[in-house]
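Here's the structure we're looking at; comments come further down.
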Amino acid sequence: MAWIYLLIAVVFEIAFALGTNATKGFTRLWPSVFTLLAAAGGIYTLSLALRTLDVGVGYTVWTGLGAIGAVVLGALIYKERITVPKVVSFGAIIAGVAVLRLAAGG
């Protein structure tokens, strides 16, 4: 169940990152409200996952997968560029997350 909570936390983390861009420096009300709720949801579900998972594993997976999701969706939504160095970095993050999951026992 901890990994499910962690994946939900990742979705909130991605929403938080994308929402932060949409707030225009927290000058737009509804994007700001959305962003703050996403941040709270992410921290809450991360805390549920960390009841079982090691903090180093949980936090690394949360931020790593959140970063990948933010970059990919940022490219789709905000037309940001995905370059070869970004793709190589994604691969490194995904490999690291896979190894951490194996190291955590599952």
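These numbers come from the heavy atoms of this one structure, side chains and all, not from hydrogens, waters or symmetry mates.
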Using a 4.5 Å cut-off on heavy atoms from C-beta on, say whether the side chain of E80 contacts that of V71. no

Would you say that more than 12 heavy atoms from the other residues, nucleotides or ligands in this model lie under 6.0 Å from the CZ of F90, or not? yes

Keeping the roles fixed (side chain from W62, backbone from A9), state whether a donor-acceptor pair exists under 3.5 Å. yes

Are V97 and I4 connected in a single hydrophobic cluster, I mean Ile/Leu/Val/Met/Phe/Trp/Tyr linked by side-chain heavy atoms less than 4.5 Å apart? no

Quick one: closest heavy-atom pair of L7 and L65, and the distance? CD2-CD1, 4.4 Å

Applying a strict under-4.5 Å side-chain criterion to I, L, V, M, F, W and Y, I'd like to know whether I8 and V10 cluster together. no

Same apolar cluster (I L V M F W Y, side chains within < 4.5 Å links), Y78/I82: yes

Check for me, please, whether I14 and L37 land in the same ILVMFWY cluster - side-chain distances under 4.5 Å, paths through other members count. no

Show the nearest heavy-atom pair for residues K86 and R81, with the distance to one decimal. NZ-O, 2.6 Å

Measuring only between side-chain heavy atoms, which start at C-beta, is V84 closer than 4.5 Å to V87? no

A22 and P31: which non-hydrogen atoms are nearest, and at how many Å? O-CB, 3.7 Å

Count I, L, V, M, F, W, Y as connected when their side-chain heavy atoms are under 4.5 Å apart, and connections chain through other members. Are V57 and Y59 then in the same cluster? yes

Listing request: all ring-ring contact (aromatic ring centres under 6.0 Å, His included) pairs with a residue in residues 14-41, at least two apart in sequence or in separate chains. none

To the nearest 0.5 Å, tell me how far L100 CG sits from I93 CD1. 11.5 Å

Here the gap from E13 atom CD to I68 atom CD1, rounded to the nearest 0.5 Å, amounts to 12.5 Å

Can you measure from CE (M1) to CG (L6) and round to the nearest 0.5 angstrom? 12.0 Å

Tabulate below the donor-acceptor pairs under 3.5 Å that side-chain atoms of residues 46-53 make, not counting sequence neighbours, or state none.
residue: S47; atom: OG; partner: Y44; partner atom: O; Å: 2.5

From CG (L18) to OG1 (T23), nearest 0.5 Å: 11.5 Å

Interatomic distance, OG1@T20 vs CG@L36, rounded to 0.5 Å, equals 8.0 Å

